[in-house]
Amino acid sequence: MPLKIITTEDGSQSLYDDELNETYHSTKGARGESIYIFIEKGLEFLLSLKTNHQLPISILEVGFGTGLNALLVWDWADRNKRPIHFSTLEPFPVPEEIWNEMDLMSDPRFEQLHRASWNEQIQLSLNFELGKSKDPLEDLGTKNQYDVIFFDAFAPSKQPEIWTIENLQRCYESLRQGGILTTYCAQGQFKRNLASVGFKVEVLPGALGKKEMVRGRK
Ligand SMILES: C[S@@+](CC[C@H](N)C(=O)[O-])C[C@H]1O[C@@H](n2cnc3c(N)ncnc32)[C@H](O)[C@@H]1O
């Protein structure tokens, strides 16, 4: 396995994939990036719209990876006492010998996230339900189900097959009306593809000094 644990500039850890020459998060700060892109510009933005959400709030993550986003959402749900159903796709799970060595193990919830069975809905706390699937995004067939999609695939330069119009169409269809997709990526072709499948595309300042990020709304 070509994965190595790295420490990013805010002190939080991420992984580096040697084969892809790609990190799982920004080297400027794994935790800082995840909180900004997915919690603040995704989940909290959705709630700020004050539309009538069905409960629980339903999130789909593309790429469970280290489990950092999942842990941050679980923590958010418990602190804010808002029920969240978190579905996450990961066809290539990080092996135990890697996640087991990460600093995030100091939080017992991190191990629970990794040990949770695949293809089952598991209530991990009063307000946090998890569904992990090894299905790739290419197999996503849900319709009108999610409020927010965390599009956290590897960069288009590394995994262009994930950022296709067909996959973005799947994401669009799987969102409820008014739902949002949020991602660190602001590549031109990606923005055009998002718009072409129906998203209203917004460009926002990026995380931790990065110029731009993108949010799409259905
Ligand atoms: C940038 S990392 C995700 C980081 C993760 N969200 C975290 O908090 O650590 C991208 C992830 O997408 C996964 N992935 C690769 N191909 C995929 C596919 N076809 N569908 C869904 N996920 C995929 C990779 O295995 C990798 O774990």
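In listed order, ligands and their atoms are each counted from 1.
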Nitrogen or oxygen of Gly63 less than 3.5 angstrom from that of ligand 1: yes

Nitrogen or oxygen of Thr23 less than 3.5 angstrom from that of ligand 1: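 Between Thr23 and ligand 1, no N or O pair is found under 3.5 Å apart.
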
Got a salt bridge between [X] and [Y], using NZ or NE/NH1/NH2 to carboxylate O under 4.0 Å?
X	Y	result
Arg115	Glu96	yes
Arg31	Asp10	no
Lys4	Asp17	no

Validation row, ring centre His25 to ring centre Tyr16 under 6.0 Å: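 No - the distance between ring centres of His25 and Tyr16 does not fall below the 6.0 Å cut-off.
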
For [X] and ligand 1, answer yes if some heavy atom of the residue is under 4.0 Å from a ligand atom, otherwise no.
X	answer
Phe64	yes
Ala30	no
Glu161	no
Gln159	yes

Enumerated ligand 1 atoms positioned under 4.0 Å from heavy atoms of [X]:
X	value
Glu61	6 (N)
Thr66	7 (C), 8 (O), 9 (O)
Ile162	16 (N), 17 (C), 18 (C), 19 (N)
Gly67	9 (O)

Closest to atom 1 (C) of ligand 1 (judged by heavy-atom distance), picking from Asn167, Asp152, Asp17, Val62: Asp152

Closest candidate by heavy atom, reference atom 22 (N) of ligand 1, pool Pro91, Ala155, Ser26: Pro91

Please report which non-hydrogen protein atom sits nearest to [atom], along with the residue it belongs to and the distance in Å to one decimal place.
atom	value
atom 24 (C) of ligand 1	Glu90 OE2, 3.4 Å
atom 19 (N) of ligand 1	Glu138 OE1, 3.0 Å
atom 20 (N) of ligand 1	Leu137 N, 3.0 Å

4.5 Å side-chain heavy-atom contact, Glu22 and Leu15: no

Residue pair Tyr146 / His85, side-chain heavy-atom distance below 4.5 Å: no

Reported CD-to-CD1 distance for the pair Glu129 and Ile122, which is rounded to 0.5 angstrom: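 If we round to the nearest 0.5 Å, Glu129:CD and Ile122:CD1 are 9.0 Å apart.
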
Leu3 and its side chain to side chain contact (heavy atoms under 4.5 Å, CB included) partner, picked from Asp18, Ile98, Thr66: Ile98

Main-chain N/O of Ala116 paired with Lys132 side-chain donor or acceptor, under 3.5 Å: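 Yes; judged by distance alone, with no hydrogens or angles, the pair exists.
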
Reference residue Glu202; test salt bridge (Lys or Arg N to Asp or Glu O under 4.0 Å); the match among Arg215, Arg217, Lys191: Arg215

